[in-house]
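Read the structure below first, then the notes.
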Amino acid sequence: MIDIKSMNEAEIASLMAEIGEPKFRAGQIFKWLSDGARSFDDMTNLSKSLREKLSTMCELRNAEMIRKQASKVDGTIKYLWRFPDGNCVESVFMEYKHGNTICISTQAGCRMGCKFCASTLAGLKRNLTPGEMLDQVIAAQRDTGKRVSNIVLMGTGEPLDNYDNVITFLKLAGDDKGLNIGMRHISLSTCGICDKIKMLAEENMQITLSISLHAPDNETRSKIMPINNRFPVEELIKTCKYYFSKTSRRISFEYTMIDGVSDTEECARKLATLLKGFPCHVNLIPLNPVSERDLKTSSKKAIERFVEILSKSGLTVTVRRSLGSDIDAACGQLRRKVENGDK
Ligand code: SAH
């Protein structure tokens with residue numbers, strides 16, 4: 001079956017040519033898909049025979065909403081979607097002053113094994129297709145009736161472990177006949193797969209790259225992030241500098257504050273030395289404790305001290321505001337609950 005939601009207009013046009021349909025049908029179909037059509041029967045300006053032909057040849061892989069939790073505190077909405085093969089993924093819709101933002105998943109599960117993260121506990125089920133990533137945005141827009149203007153690839157999964165599909169997704173999301181989301185409004189977060197970061201640099205897209213750094217030295221980082229054994233800190237930073245030299249885009253470093261592991265003054269000083277003089281942004285994330293793991297979040301005092309040390313050394317640093325804390329909005333927690341049979 002053809003995954004038509006993962007195709008751009010030109011690809012749909014080739015498909016039309018193959019089945020002897022006029023080219024302009026491609027534009028109509030592409031628009032229907034971006035507007036959130038759920039079946040070929042919704043596409044009322046296509047002939048009945050074409051609709052029938054499409055439904056025998058193509059699949060739509062719709063994200064079906066099976067859970068929705070809306071925060072009473074800040075309007076954040078967490079969705080759990082199910083795809084036709086039964087795999088579930090989460091997205092989070094957030095309203096910020098600078099626009100509505102959706103955090104989407106790029107894989108069902110994850111094989112990166114980070115010790116603080118709930119998404120990786122049951123391993124990787126499969127990669128999502130570009131259309132399945134797009135559908136998380138489209139389905140959330142349909143449900144809220146609000147336009148999404150920013151996308152962050154920070155849900156379940158490692159985007160660079162699903163490289164080709166993610167690149168196709170970014171191009172589809174940016175298509176001016178589709179969702180038309182500017183690349184500067186998209187952030188991609190990675191645990192640090194250096195060879196793929198280099199490939200991404202060559203694409204020279206204007207997206208924001210976020211690096212999940214979480215520790216300033218190999219000893220600490222390898223303890224919490226297995227990827228560090230493949231791509232150690234020095235190589236990661238070197239790759240980030242290469243990325244910046246190619247794209248001129250300032251990198252954002254995510255740094256989870258874990259009590260007694262990554263939040264010490266020594267860590268702050270090492271981090272300041274590591275990033276000294278590099279045009280970047282450090283975003284501290286107070287750990288969201290995962291019940292299966294024995295890690296605790298940092299004290300307010302430790303976070304304040306950390307911020308102080310980094311700022312004094314000239315780094316731009318922010319502490320992530322936690323949205324949706326009343327609705328398990330963090331990091332794969334809803335998906336796990338439902339998969340483990342908690343209805
Ligand atoms: N695989 C990608 C994107 C998904 S994780 C990556 O590693 O960047 C999105 C962000 O949430 C990452 O920075 C990740 O390290 C962080 N994160 C995961 N679990 C967390 C937790 N329990 N508390 C706080 N941040 C967490």
Side-chain angles (χ1 to χ4, degrees), residues 78 89-92 94 101-125 127-128 133 136 151-163 165-166 169-170 186-194 196-197 200 207-216 220-221 223-228 230-231 236 239-240 243 251-259 261-263 271 280-298 303 306 318-325 328-337:
K78 178 142 194 170
V89 300
E90 301 175 24
S91 321
V92 184
M94 294 159 284
T101 300
I102 189 161
C103 171
I104 64 161
S105 296
T106 54
Q107 297 180 311
C110 182
R111 56 178 181 158
M112 293 299 121
C114 299
K115 292 287 184 288
F116 44 82
C117 181
S119 297
T120 197
L121 286 165
L124 175 68
K125 295 282 161 50
N127 284 329
L128 297 191
M133 293 178 231
Q136 295 171 58
I151 302 176
V152 297
L153 276 58
M154 283 195 186
T156 295
E158 167 50 48
L160 299 186
D161 190 37
N162 184 14
Y163 187 87
N165 286 350
V166 164
F169 161 75
L170 294 172
I186 302 181
S187 294
L188 182 154
S189 180
T190 175
C191 64
I193 305 181
C194 292
K196 298 290 166 53
I197 296 174
L200 189 64
I207 56 169
T208 299
L209 181 65
S210 291
I211 302 287
S212 293
L213 186 59
H214 303 320
T220 317
R221 195 163 191 266
K223 266 188 216 148
I224 51 177
M225 299 181 74
I227 190 72
N228 197 65
R230 238 173 96 202
F231 300 109
L236 179 56
T239 309
C240 289
Y243 185 89
I251 287 177
S252 176
F253 289 98
E254 310 290 310
Y255 192 102
T256 303
M257 297 293 285
I258 310 174
D259 180 46
V261 178
S262 60
D263 68 345
L271 183 62
C280 63
H281 175 107
V282 178
N283 191 21
L284 301 179
I285 318 171
L287 177 80
N288 221 301
V290 172
S291 55
E292 289 85 347
R293 306 288 203 195
D294 193 21
L295 297 169
K296 288 201 290 291
T297 194
S298 301
I303 296 176
F306 213 90
T318 48
V319 180
R320 182 184 286 175
R321 217 164 30 109
S322 180
L323 293 180
S325 53
D328 302 312
C331 316
Q333 294 182 2
L334 179 62
R335 174 171 172 266
R336 267 193 77 66
K337 262 195 183 172

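Remember, it's 1-based here, ligands and their atoms both numbered in the order they're listed.
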**Request:** Before signing off on this row, confirm whether E158 and ligand 1 have an N or O atom pair separated by under 3.5 Å.
**Result:** yes
**Asked** Polar-atom distance check: G157 versus ligand 1, any N or O pair below 3.5 Å?
**Response** yes
**Request:** Can you sort out the partners of S262 under side chain to side chain contact (heavy atoms under 4.5 Å, CB included), two or more places apart, ordered by chain and number?
**Result:** Y255, I258
**Prompt:** Does the side chain of I104 reach to within under 4.5 Å of the side chain of I151, using non-hydrogen atoms?
**Reply:** yes
Within reach of ligand 1, part of [X] (heavy-atom separation under 4.0 Å):
{"X": "I285", "result": "side chain"}
{"X": "V290", "result": "side chain"}
{"X": "H214", "result": "side chain"}

Provide the number and element of each atom of ligand 1 under 4.0 Å from a heavy atom of [X].
{"X": "C117", "value": "18 (C), 19 (N)"}
{"X": "C191", "value": "6 (C), 7 (O), 8 (O)"}
{"X": "E254", "value": "13 (O)"}
{"X": "T256", "value": "24 (C), 25 (N)"}

**Prompt:** What pairs meet the salt bridge (charged side-chain N to carboxylate O under 4.0 Å, His left out) rule with one or both residues in residues 107-118, with sequence neighbours excluded?
**Reply:** R111-D161
What distance do [X] atom [atom1] and [Y] atom [atom2] have between them, rounded to the nearest 0.5 Å?
{"X": "L213", "Y": "C240", "atom1": "CG", "atom2": "SG", "answer": "8.0 Å"}
{"X": "I303", "Y": "I285", "atom1": "CD1", "atom2": "CD1", "answer": "11.0 Å"}
{"X": "C117", "Y": "M225", "atom1": "SG", "atom2": "CE", "answer": "9.5 Å"}

**Message:** Nearest non-hydrogen contact with atom 2 (C) of ligand 1 belongs to which option: S187, S189, C103, S252?
**Reply:** S189
**Request:** Measure the distances from the heavy atoms of G155 to every atom of ligand 1 and state whether one is below 4.0 angstrom.
**Result:** yes
**Prompt:** At their closest point, which heavy atom of V290 faces which heavy atom of F116, and how far apart are they?
**Reply:** CG2-O, 3.3 Å
**Where D259 and T297 come nearest, the two heavy atoms and their spacing** = CB-O, 3.5 Å
